[in-house]
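Heads up: the structure comes next, in structure tokens.
Excluded from the calculations below are hydrogen atoms, water molecules and symmetry mates; all remaining heavy atoms, backbone and side chain alike, are included. As the structure is a prediction and not an experimental result, all values here were calculated from the model. FYI, the numbering just counts along the sequence from 1.
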Amino acid sequence: MLEKIVQLFFVLAGITLGFLYIPELISLFPFYTFPDWVYNAYIGAIVGAVIVGFVFWAVSLWIATPIVNGMRFLEEKVVKAPVTDVLFGTLGLIFGLVVAFLISLPLNSIRIPVIDSVLPLFLSFFCGYFGFQIGFKKRDELLGLFSSSKNAAAKEEAALAAAASEENQAWEKLLDTSVIIDGRIADICQSGFIEGKLVIPEFVLEELQHIADSSDVLKRNRGRRGLDILNRIQKELPIEVEITDTDFEDIHEVDSKLVKLAKVRNGIVVTNDFNLNKVCDLQGVSVLNINDLANAVKPVVLPGEEMMVQVIKDGKEQSQGIGYLDDGTMIVVESGKGYIGQEIEVVVTSVLQTSAGRMIFAKPKVSKREKAL
């Protein structure tokens, strides 16, 4: 379409030039060169318009495409440029052309062929160029001059409001399926350790419903437990809960959808899934892991401390015994295999903190009598 417009412009320009100047051109030839009707002003104008219009149309077939390509290239550059660059560059160009026009006014009174015709063109070019460069490169300083203190205060207030809004939005907690089924999230919310709004996507609810409808008894019970936990959070706890229908049709995995939603809403994923925790860390999404919270509130045990432990089974290594604290922390008792089924006093030798939890290594406490023997 643009090429047709360029060709039409060339044809109209050719017709106009032919209509205006062909009669004058014909009049320069002797009368005996052409028939008398050719020298008629109206006929010559029409013939000239047709001939020159046809020539310009033929030329446009060759150069219309390069002109259109150049226009599109220039359009792409202008569209990609920041609006302040384009605005102040244009204002500088207009100012430069106005200066060139004012300088050219006195030159029009000087009747020197070169000065009164060629020099204004050079002035327009150079003043326009320098005006554009000044407006483009000094845009920041010009913005500072035009902006008043009132506008600056308004911008600062808007920035603070935007920052506050973003901060409030960052308090949103997005629950995944595993943490809902786990159930501890309800107790944590009730204790007041979770602030802000809880966001539960519909695709998480669909996965919960699918688990609750499973033919496997264990899965079915877990799914129903998750739905009961959500019902308790909504009805019994003083915390805002939002069910969002935002979905991503191009993503099939529920965990991937949850990470994407957390990015879009600038929220925090709440989970106890170790793999989802790692994915969130890799993609720069904030995450709260219930297991990390549980590990953080476990009692601190230092090497050398003594405690009572019931050894319930043997360990992986030879002569090892395994016991557990009330909070589920595993205790590996060296040389404890012979004490299986007994509650013995042990001495902590070391504590190992892993991503799966805390593990305590201990050994049976040796009495003074045993030492003497």
Side-chain angles (χ1 to χ4, degrees), residues 162-297 328 355-357:
S165 176
E166 183 177 357
E167 183 178 357
N168 291 333
Q169 189 180 18
W171 286 111
E172 291 184 347
K173 309 299 188 302
L174 283 74
L175 304 185
D176 83 325
T177 310
S178 62
V179 80
I180 296 174
I181 293 175
D182 179 84
R184 289 177 291 177
I185 185 65
D187 297 328
I188 296 174
C189 293
Q190 188 174 15
S191 64
F193 282 96
I194 291 289
E195 295 181 319
K197 178 169 60 176
L198 295 183
V199 178
I200 304 169
E202 285 191 355
F203 53 80
V204 171
L205 290 179
E206 291 176 0
E207 186 179 35
L208 272 176
Q209 184 177 1
H210 179 73
I211 296 174
D213 294 336
S214 174
S215 58
D216 185 88
V217 177
L218 180 59
K219 286 186 176 180
R220 184 167 63 249
N221 292 337
R222 287 166 58 86
R224 291 177 179 176
R225 171 183 169 82
L227 295 175
D228 292 339
I229 293 296
L230 287 182
N231 187 58
R232 176 189 169 192
I233 292 175
Q234 279 189 304
K235 294 183 177 180
E236 299 180 10
L237 303 183
I239 189 168
E240 182 181 0
V241 178
E242 176 188 349
I243 307 296
T244 176
D245 59 354
T246 304
D247 201 352
F248 306 95
E249 300 296 339
D250 55 331
I251 303 176
H252 302 290
E253 295 293 333
V254 174
D255 289 350
S256 301
K257 290 183 178 183
L258 192 66
V259 174
K260 180 69 173 180
L261 182 61
K263 285 184 176 181
V264 172
R265 299 187 60 141
N266 193 27
I268 301 174
V269 175
V270 183
T271 182
N272 63 356
D273 188 333
F274 177 78
N275 294 325
L276 179 57
N277 198 147
K278 288 298 182 183
V279 171
C280 291
D281 291 339
L282 290 174
Q283 298 197 21
V285 175
S286 300
V287 59
L288 293 177
N289 195 315
I290 300 299
N291 290 332
D292 292 340
L293 177 62
N295 292 331
V297 298
S355 57

Under 4.5 Å between any side-chain heavy atoms of [X] and [Y], yes or no?
| X | Y | value |
| --- | --- | --- |
| Leu288 | Leu293 | no |
| Leu261 | Thr244 | yes |
| Glu206 | Asp247 | no |
| Asn231 | Leu227 | no |
| Ile211 | Ile181 | yes |
| Thr246 | Pro201 | no |
| Asp187 | Arg232 | yes |

Around [X], counting heavy atoms of other residues, nucleotides and ligands shown, do more than 12 lie under 6.0 Å from its [atom1]?
| X | atom1 | value |
| --- | --- | --- |
| Gln209 | CD | no |
| Phe248 | CZ | yes |
| Glu253 | CD | no |
| Lys219 | NZ | no |

Short N-O contact, Lys257 and Glu207, less than 4.0 angstrom: no

What residue among Asp255, Asn289, Asp176 forms side chain to side chain donor-acceptor pair (under 3.5 Å) with Thr271?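 The passing option is Asp176.
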
Heavy-atom donor-acceptor pair, Asn272 side chain to Asn291 backbone, under 3.5 Å: no

Could you check whether any side-chain N or O of Asp273 sits under 3.5 Å from a backbone N or O of Asn275, counting only pairs where one atom can act as donor and the other as acceptor?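 Flag set: sc Asp273 to bb Asn275 pair under 3.5 Å.
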
Inter-residue atom distance [X].[atom1] - [Y].[atom2], 0.5 Å rounding:
| X | Y | atom1 | atom2 | answer |
| --- | --- | --- | --- | --- |
| Ile239 | Ile188 | CD1 | CD1 | 11.0 Å |
| Leu282 | Asn277 | CG | CG | 10.0 Å |
| Leu208 | Phe203 | CG | CZ | 11.5 Å |

For the residue pair [X] and [Y], what are the closest heavy atoms and their distance?
| X | Y | value |
| --- | --- | --- |
| Leu174 | Gly267 | CD1-CA, 3.9 Å |
| Leu237 | Ala186 | CD1-O, 3.5 Å |
| Arg225 | Asp182 | NH2-O, 3.0 Å |
| Leu198 | Cys189 | CD1-SG, 3.9 Å |
| Val204 | Leu175 | CG2-O, 3.9 Å |
| Ser215 | Arg220 | O-NH1, 3.4 Å |

Decide side chain to side chain contact (heavy atoms under 4.5 Å, CB included) for Val254 and His210; before the verdict, give the C-alpha distance in whole Å, the side-chain angles of both, and the deciding distance to 0.1 Å. CA-CA 12 Å; Val254 174; His210 179 73; over 6 Å; no

Of Val199, Leu276, Thr177, which meets side chain to side chain contact (heavy atoms under 4.5 Å, CB included) against Leu258?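 By the side chain to side chain contact (heavy atoms under 4.5 Å, CB included) criterion, Leu258 pairs with just one of Val199, Leu276, Thr177: Leu276.
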
